[in-house]
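Below you'll find the structure, written out as structure tokens, and then a few comments.
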There are 2 protein chains.
Amino acid sequence: MQRLDIKSALTRREAAKKPPEDKSPCSACSVRHLTVCAALDESELAEVSAISKTIELAAGGPLFDEGEKASNLYNVTAGTIKIYKLLSDGRRQVTGFLFPGDFVGLANESLYAYSAEAVTVCTVCRFSRRELEPLLDRHPKMERRLLGMASHELAAAQEQMLLLGRKTAKEKIASFLLSLSQRAQDRGQSGNPVTLAMSRTDIGDFLGLTTETVSRTFTHLRSAGVIVLHPGGKVEIPGINRLREISEGL
Amino acid sequence: MQRLDIKSALTRREAAKKPPEDKSPCSACSVRHLTVCAALDESELAEVSAISKTIELAAGGPLFDEGEKASNLYNVTAGTIKIYKLLSDGRRQVTGFLFPGDFVGLANESLYAYSAEAVTVCTVCRFSRRELEPLLDRHPKMERRLLGMASHELAAAQEQMLLLGRKTAKEKIASFLLSLSQRAQDRGQSGNPVTLAMSRTDIGDFLGLTTETVSRTFTHLRSAGVIVLHPGGKVEIPGINRLREISEGL
DNA sequence: CGTGAAGTTGAGTATGCTCAACGGTGGTGG
DNA sequence: CCACCACCGTTGAGCATACTCAACTTCACG
């Protein structure tokens with residue numbers, strides 16, 4: 001799946017080398033319907049293409065760091081990105097995983113409030129903040145869309161606060177699997193089995209648990225027959241309704 | 001302070017009864033510079049006035065409930081509001097406290113993703129979503145401001161996730177006090193002593209702790225001479241730098 | 001096939017929770 | 001006006017969930 005996306009990203013880059021034509025490279029974007037670029041017409045897409053640049057990241061590669069000047073915004077087009085914050089002693093909280101179509105880099109202040117790093121090989125579209133803002137002024141439709149995406153993220157953040165503050169380890173893992181499954185389905189991929197692209201450490205840092213507890217809880221759910229762990233981070237969920245109950249503490 | 005704000009709200013309502021004049025009631029809004037209405041000119045303010053209604057809430061009064069149709073948006077002008085989510089067994093996570101100037105009710109989907117309830121006596125400005133949206137279309141400046149406020153809330157949500165997932169009880173309480181102090185200062189009020197308008201239960205539900213642990217931790221910080229507890233929920237912070245260290249685990 | 005990172009499992013522990021009791025306070029009704 | 005009651009906050013004792021430290025296994029990669 002990653003390999004496939006990289007291939008399409010390369011195709012997009014080749015298109016960018018060609019002289020201007022009636023179709024912009026963004027026209028071919030396979031995740032456009034999920035992004036801030038949804039519902040733009042051809043001429044608007046061309047404007048966006050003109051100020052965007054496709055970037056590839058190796059697994060583990062940094063996109064930006066907390067405290068850095070927030071001069072760019074990014075659209076994920078392939079792969080998985082994690083965003084996180086650190087405490088001075090190294091404790092880490094992953095505040096989100098980003099998948100194709102997700103937007104990253106919004107910062108009200110001039111500095112990024114968190115770090116972003118590729119979990120897998122990734123492709124992202126980069127926009128300079130300076131160039132994007134006037135474009136947003138001219139296209140309220142796009143700004144409205146951005147506000148909608150920010151509201152959506154805000155709702156997700158609140159759901160995550162509920163998880164972090166009030167759920168048990170078992171409920172956290174169950175909620176996490178269901179959320180990954182849902183997001184895969186939103187992208188037209190399989191929601192079952194679901195693929196975990198990230199490490200146990202990343203999952204722990206996302207759920208407010210240690211890797212040991214994450215591992216033990218997976219084992220526990222496996223013993224209970226709710227999930228089956230396959231190689232390559234694939235998790236089959238035969239008991240998806242049971243998992244839903246567990247995620248809500250029933 | 002609450003009493004004062006209520007008085008100004010009444011003044012505002014009286015103004016609304018008068019025939020149209022060159023100054024809209026919003027002109028007198030004491031927290032406008034903090035709100036989405038900042039940087040609007042007189043004619044724009046008049047438009048906003050026309051579709052807003054001032055509402056008063058008793059302490060404990062509900063503003064809206066999770067799952068309700070999100071037909072209104074609100075601007076807090078006086079008092080403290082809490083927003084929260086519930087699990088089916090009654091576990092609660094307070095996801096935020098709102099103070100004058102804060103905006104509440106953004107919902108990407110058509111339903112509210114959380115409940116909102118007055119902590120103290122409150123005054124809020126109500127906008128119908130249906131009426132506000134066309135106004136935003138005509139005033140990109142206002143929409144940009146809204147996006148900025150949403151980004152700011154997103155950053156705060158991430159900071160809160162770090163707190164919930166990775167901080168100890170002591171660090172949580174210290175961070176909480178500092179954040180309240182900062183927000184009071186942003187509103188031109190005293191940052192020290194800071195007033196806790198909410199109950200221990202609300203604080204616990206915000207920080208992912210029980211009331212007992214909140215209480216014990218306050219006692220501990222008091223014994224350590226970092227804070228002094230005064231009647232009326234006032235907390236004096238003689239050791240504010242020590243509190244900063246504690247909040248980061250030093 | 002060797003090496004190092006990632007994942008799993010186990011034993012013991014600590015932080016924060018549960019359950020319980022008690023003091024203070026504010027609102028209510030006799 | 002005062003007694004009563006409910007609620008809030010505080011404190012204590014015991015306990016459980018998830019953490020720490022450690023060993024071992026599995027897996028990916030050279």
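Labels below follow one simple rule: chain letters A, B, ... track the order of the sequence lines, proteins then strands, and each chain is numbered from 1.
Among the nucleotides C/dG7, C/dT9, D/dA18, the one closest to any side-chain atom of A/Arg200 is C/dG7. Looking at the side chain of B/Thr213, the nearest of the listed nucleotides C/dT8, D/dG9, C/dC17 is C/dC17.
Listed by residue number, A/Gly208, A/Leu209, A/Thr210, A/Glu212 are the residues of residues 205-212 of chain A with a heavy-atom contact under 4.0 Å to DNA chain D. Within residues 165-173 of chain B, no residue is approached by DNA chain D to less than 4.0 Å at the level of any non-hydrogen atom.
Protein atom CZ of B/Phe218 is 13 Å distant from nucleotide atom P of D/dT11, rounded to whole Å. A straight line from CZ of A/Arg91 to C1' of D/dT20 spans 14 Å, rounded to a whole angstrom. D/dA23 atom P lies 15 Å from atom CZ of A/Arg216, rounded to whole Å. The nearest whole Å value for the distance from the CG atom in A/Leu164 to the P atom in D/dA18 is 13 Å. What separates CG of B/Leu196 from C1' of D/dC8 is a distance of 14 Å, to the nearest Å. We find that CG of B/Leu229 is positioned 16 Å from P of C/dG24, with the value rounded to whole Å. The NE2 atom of A/His230 sits 14 Å away from the P atom of D/dC27 (whole-angstrom rounding). Atom-to-atom, CE of A/Met198 to C1' of C/dA6 comes out at 15 Å; the value is rounded to the nearest Å.
With A/Phe206 as the aromatic partner, A/Arg92 does not meet the cation-pi criteria of under 6.0 angstrom to the ring centre and within 45 degrees of the ring axis.
Other residues, nucleotides and ligands contribute only 12 or fewer heavy atoms inside 6.0 Å of the NE2 atom of B/His220.
Salt-bridge annotation for A/Arg91 and A/Asp205: absent, with no side-chain N of the basic residue lying under 4.0 Å from a carboxylate O of the acidic one. A salt bridge links B/Arg183 with B/Asp102: the distance from a Lys NZ or Arg NE/NH1/NH2 to an Asp or Glu carboxylate oxygen falls below 4.0 Å.
Side chain of A/Ser181 to backbone of A/Gly191: a donor-acceptor contact under 3.5 angstrom is found.
By the 4.5 Å heavy-atom criterion applied to side chains, A/Asp65 and A/Tyr112 are not counted as neighbours. B/Leu209 places a side-chain heavy atom less than 4.5 Å from the side chain of B/Lys172. The shortest distance between side-chain heavy atoms of B/Leu177 and B/Ile227 falls below 4.5 Å.
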Item to check | A/Leu57 and A/Ile81: CA distance, side-chain angles, deciding distance, side-chain contact (heavy atoms from CB on, under 4.5 Å) verdict | outcome: CA-CA 10 Å; A/Leu57 289 168; A/Ile81 302 257; 4.1 Å; yes

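Nucleic acid contact class of B/Ser215 (heavy atoms, under 4.0 Å, all strands): base.
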